[in-house]
Amino acid sequence: MRWLLMILLALYPRAWRQRYEDEFRALLEQCDLSLFDLIDIALGGLDARVRGFSWRISIPQTAVLLTSLCALFSFLIPVMVFVTPISQSEESAEFWIIISPLVLAPVVREVHLRYKRQAAGRSSFVARVGYVGTLALPLYLGLYALLSLFNPSNALLNAVYLSMASFTGLWMILACNLGVEYRLMGEALGLVGVAAGCSWMVLTLSTIFGMVVPSFVANFGILLSLNIFIWVVSHVFWTGGMVLWLLRGRAWPSQRAV
Amino acid sequence: MNLSSLGRDPSLLILASLAGGEKHGYAMMEDIEAMTGLRLGPGTLYGALNRLEERGFIEALPSDDRRRPYRLTPTGLAAFREQMNSLHQFTTIGLKRLEG
């Protein structure tokens, strides 16, 4: 039972555990725990992660805003890839070199804040992974730009693009979580965004698998269309959350009754 | 006290329990079960405690024990009174309509 409780407690964000773990353990020691209680503890952990735990976390608003801008870039840049033919010409490489500072500037700022221990240092696991994701995305973009410059085979470029797409799905989930955690998005909106990000990621992985094993999908075109559709939906939700936040101001009204 | 589903909100139940005096988690669970027959799971209880504490409705008191007692803040007391008045108004109107 002890190891099971340890696993269940690991579901809670670190900041939550720092604040409540001792007294929570004391409570659990007093209770005759049933299966219902174990499920309740697990759901409580997931709720704390999805809802976000903001106990005494000091994240500068600018850092959150810049992370949000990175999320928007993660949408805009692949869109540009779609509208520009993937011909590995020097012009396309130049385009990436021009666009990359726009992505890198907020990321550099993020790193600066992190080292000043004002940003991710005291935040939860999800927030920290979200920040790392923000840093990793431009690395992917840089790799893509380099490959474009050296004119590799289409297969390699496609592989990098699809893995970048897959990564963006994961990042979407974390970004939505981060948005909820710092009250940038409503909880319902964040949950829909997370769900869309999950679906999109599953579809992207299916697409990659479908490329390797063509018999996996009867109609590859439909799968790809669905993939792109969900990708757009997930980003629309994220952007929608941002716009609503900007319209409503910093203090997002709570959706809970008490 | 047989509360309707409206009154089964864990946050409201905790406020009701703390309105009777400061308590730690386990005491709250027992008190709520005695009041309503409803047993809150540990995850539900601490999720609601976290939300109430974030909103400044309750506060933890210092304790030598691992179990930390909580009490209502003036804001929490006002919010609870407002909720109870709303529920009272609602039930009064509902009962009158049933009698009429």
Would you mind telling me which of A/Leu38, A/Leu9, A/Leu33 makes a side-chain contact (heavy atoms from CB on, under 4.5 Å) with A/Leu4?
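Only one option passes, and that is A/Leu38.
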Margin query: Testing B/Asn50, B/Ile14, B/Leu13 one by one against B/Leu45 for a side-chain contact (heavy atoms from CB on, under 4.5 Å), which residue passes?
Written below: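 Looking at B/Asn50, B/Ile14, B/Leu13, the match for B/Leu45 under the side-chain contact (heavy atoms from CB on, under 4.5 Å) is B/Ile14.
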Between [X] and chain B, which part of the residue has a heavy atom less than 4.5 Å away: side chain, backbone, both or neither?
X       : answer
A/Phe36 : side chain
A/Ile41 : both
A/Leu8  : neither
A/Glu21 : neither

- Task: Mind ranking A/Ala26, A/Ala42, A/Ser34 by heavy-atom pairs under 4.5 Å with chain B and telling me who comes out on top?
- Result: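 The option with the most such pairs is A/Ala26.
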With no hydrogens and no angle check, is any side-chain donor or acceptor of A/Asp22 less than 3.5 Å from a backbone partner on B/Arg66?
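Checking the backbone N and O of B/Arg66 against the side chain of A/Asp22, no donor-acceptor pair under 3.5 Å is found.
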Could you check, using the six-membered ring where one of them is a Trp, whether A/Tyr12 and A/Phe24 have ring centers closer than 6.0 angstrom?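 Distance test on ring centres: under 6.0 Å, yes.
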- Item | Within 6.0 angstrom of B/Glu33 CD, more than 12 heavy atoms from elsewhere |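 More than 12 within 6.0 Å, yes.
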